[in-house]
Amino acid sequence: MGIKDLLRFMKPYVETAHIKKYAGKRVGIDAYSWLHKGAYSCSMELCLNSGGDKKLQYLNYFMHRINMLRHYKITPVVVFDGGNLPCKGVTEDERHKRRKTNRDQAMLKLKEGNVAGAIELFQRAVSVTPSMARQLIQILKSENIQFVVAPYEADAQLAYLSNLEEEKNGIVAVISEDSDLLAYGCPAVFFKMDAHGNGQEVVLDNVFSCVTRVPSFRHFNKDLFTGMCVLAGCDFLSSVPGIGITKAYNLVSKYRNLDRVLSMLKFEKGDQVPEDYTKSFREAVAVFHHARIYDVSLKRIKHLKPVPEELLQLLDEELDFLGPEILPSLATAIAQGNIDPCTMEAFNVFPSTVNHVSTANIKKISGPFFRQETSTQASKDSSVFAISSSKSKKESTVVEMKQAPDEWKGSLFMEERECLEEAVALQSMLCPSISTRKEKKSQQTEELKVPHNNPFRKRRVEEIEPDEMDSVTELVSEITEVESLEVVCITPESQKSVESKPVKRIELKRDTKEKKVKRSNLESSESNKNTILNFFSPV
DNA sequence: AATGCGTTAAAAT
DNA sequence: TTAACGCATT
């Protein structure tokens with residue numbers, strides 16, 4: 001993963017540092033790296049889909065780190081990966097196969113009774129699933145932690161945020177394990193951060209300005225640096241045989257121009273250079289420079305950096321290798337964590353709503369990364385979203401989202417988006433407000449024997465006050481496209497069983513002219529009613 | 001001699 | 001899953 005050997009090569013520029021240097025600042029987090037590390041601690045349970053609350057250990061791990069950052073007055077901004085890029089398909093396939101064989105072997109060991117051996121193999125078999133990301137997003141929402149799901153690569157989104165001013169939702173550094181961030185041009189990357197905040201940092205400005213250290217990047221710029229990274233081999237394009245980071249560096253510092261480097265490569269290693277290497281190289285570099293990212297302010301997809309006209313022509317006006325375009329409505333739904341960016345299906349907020357959520361209808365013509373035409377079982381009184389894609393006039397692929405029923409067709413994407421935003425606003429409005437309400441001295445407190453420093457510690461037990469429901473009614477009356485919406489609260493049960501259970505349900509009747517809010521307690525059990533958990537653990 | 005590349009050892013929760 | 005070691009190739 002990442003650029004082969006880059007971190008080792010950059011050793012002279014890697015400095016040990018403590019994350020508290022970013023106190024008072026916004027710092028981006030590559031969610032995948034922490035999710036993966038967290039999954040390590042409960043790999044067997046995740047693979048076997050068993051083990052009750054043990055399987056939620058990765059959430060614990062993640063939130064401990066978030067709380068550590070908050071302890072140092074850092075504002076975390078969590079960035080999730082979205083869909084896969086077409087050129088990454090091969091890498092992903094191989095990973096999938098490896099995981100499968102590891103899982104199979106682990107099962108064998110388990111049958112032999114060799115638990116330790118099995119765990120070792122399960123650790124190599126775990127993968128981070130959208131569902132795990134979704135679980136985490138629910139908690140982040142309830143804790144008011146900022147997050148965004150990138151349309152494609154989280155790294156690109158992080159690079160974009162890194163180059164934004166802080167007052168425009170930008171970040172000053174990125175916490176990650178992935179050396180790709182440097183290829184993307186992130187000004188500051190914090191690697192290998194431990195639970196206490198110690199880590200190893202690379203600051204790109206130092207790299208380009210330093211005159212004493214070797215290798216010297218005095219005559220490099222960001223473009224040449226990215227070119228060097230691609231030459232050495234990256235996720236989007238493997239290197240020419242015999243070319244590693246050292247030779248890539250030497251070639252770039254010698255010719256200081258990527259086109260000339262490519263010519264020399266062809267000249268010296270003629271037969272070893274693949275036929276279409278130049279094209280693939282240009283595309284890989286273009287991903288690092290112009291990847292599609294989500295603009296939080298404009299609520300739409302754009303390029304990491306604008307694509308210059310000359311480059312567009314050089315690439316035959318074809319940008320599908322960046323992944324298909326995504327229309328604002330869908331991009332926003334993805335960014336806010338309401339739609340699975342891989343399957344484009346609406347996330348099931350709760351398993352109990354499974355009948356209300358129709359399978360997304362996805363038509364996709366080019367690219368293996370979207371399914372072709374899946375069945376839709378939209379019942380007419382359950383409206384969610386159908387997704388389809390089409391070719392725009394310019395022949396590039398566009399993915400868009402449409403309302404399911406025919407009579408809505410072509411109407412008002414903006415309203416649909418706003419509706420989703422409302423849903424999210426409603427959610428985040430309700431959850432924290434429950435917890436900030438005054439406490440009702442609860443007899444249940446000691447029922448949950450959770451240690452005080454446990455991040456899953458129970459916070460407060462409360463009900464939504466009747467007067468609050470008025471404002472909810474107001475909000476909800478604006479919503480036309482979503483019929484049934486449930487408010488997410490994490491209950492103690494969510495630790496015991498996997499499924500988090502709804503505490504309150506707000507139903508919107510679509511067919512009736514006046515939308516009514518009905519409130520029903522699905523859970524009769526006293527103990528988990530209106531309960532929310534908190535993550536305030538001492539660091 | 002230097003560098004790429006495969007293999008092995010170890011870490012951490 | 002990463003880092004270091006050593007072999008083999010240019």
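A, B, ... follow the sequence lines: proteins, then strands. Residue 1 opens every chain. Every heavy atom of this structure was used, including side-chain atoms; hydrogens, water molecules and symmetry mates were not.
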Any residue meeting side-chain hydrogen bond (donor to acceptor under 3.5 Å, both in side chains) with D223(A), in chain and number order, not counting sequence neighbours: H289(A)

Looking at E143(A) and R70(A), is there a salt bridge between them, counting it only when a charged N and a carboxylate O are closer than 4.0 Å? yes

Ion pair E15(A)/R213(A), N-O distance below 4.0 Å: yes

Between the protein and nucleotides 2-8 of chain B, list every N/O to N/O distance that falls short of 3.5 Å.
from, atom 1, to, atom 2, distance (Å)
dG4(B), OP1, G244(A), N, 3.0
dG4(B), OP1, K247(A), N, 2.8
dG4(B), OP2, T246(A), OG1, 3.4
dG4(B), O5', G244(A), N, 3.2
dC5(B), OP1, G242(A), N, 3.0

Rounding to a whole Å, what distance do you find between E120(A):CD and dA11(B):P? 13 Å

Could you tell me how far apart D194(A) (CG) and dA11(B) (C1') are, to the nearest whole angstrom? 13 Å

Taking only residues two or more places apart in sequence or in another chain, which ones pass side-chain hydrogen bond (donor to acceptor under 3.5 Å, both in side chains) with K20(A)? none

Taking side chain as C-beta onward, heavy atoms only, is K269(A) less than 4.5 Å from I243(A)? yes

Separation of atom NZ in K269(A) from atom P in dT10(C), rounded to whole Å: 8 Å

Report the distance from atom CD1 of I119(A) to atom P of dA11(B), rounded to the nearest whole Å. 19 Å

Kindly give the atom pairs (protein nitrogen or oxygen, nucleotide nitrogen or oxygen) under 3.5 Å for nucleotides 1-3 of chain C.
from, atom 1, to, atom 2, distance (Å)
dA3(C), OP1, K192(A), NZ, 2.4

What residues, two or more places apart in sequence or in another chain, satisfy side-chain contact (heavy atoms from CB on, under 4.5 Å) together with A331(A)? Y294(A), I301(A), I326(A)

Tell me every residue that passes ring-ring contact (aromatic ring centres under 6.0 Å, His included) with Y249(A), counting only those two or more places apart in sequence or in another chain. F9(A), F217(A), F220(A)

K37(A) bridged to D194(A) by N-O distance under 4.0 Å: no

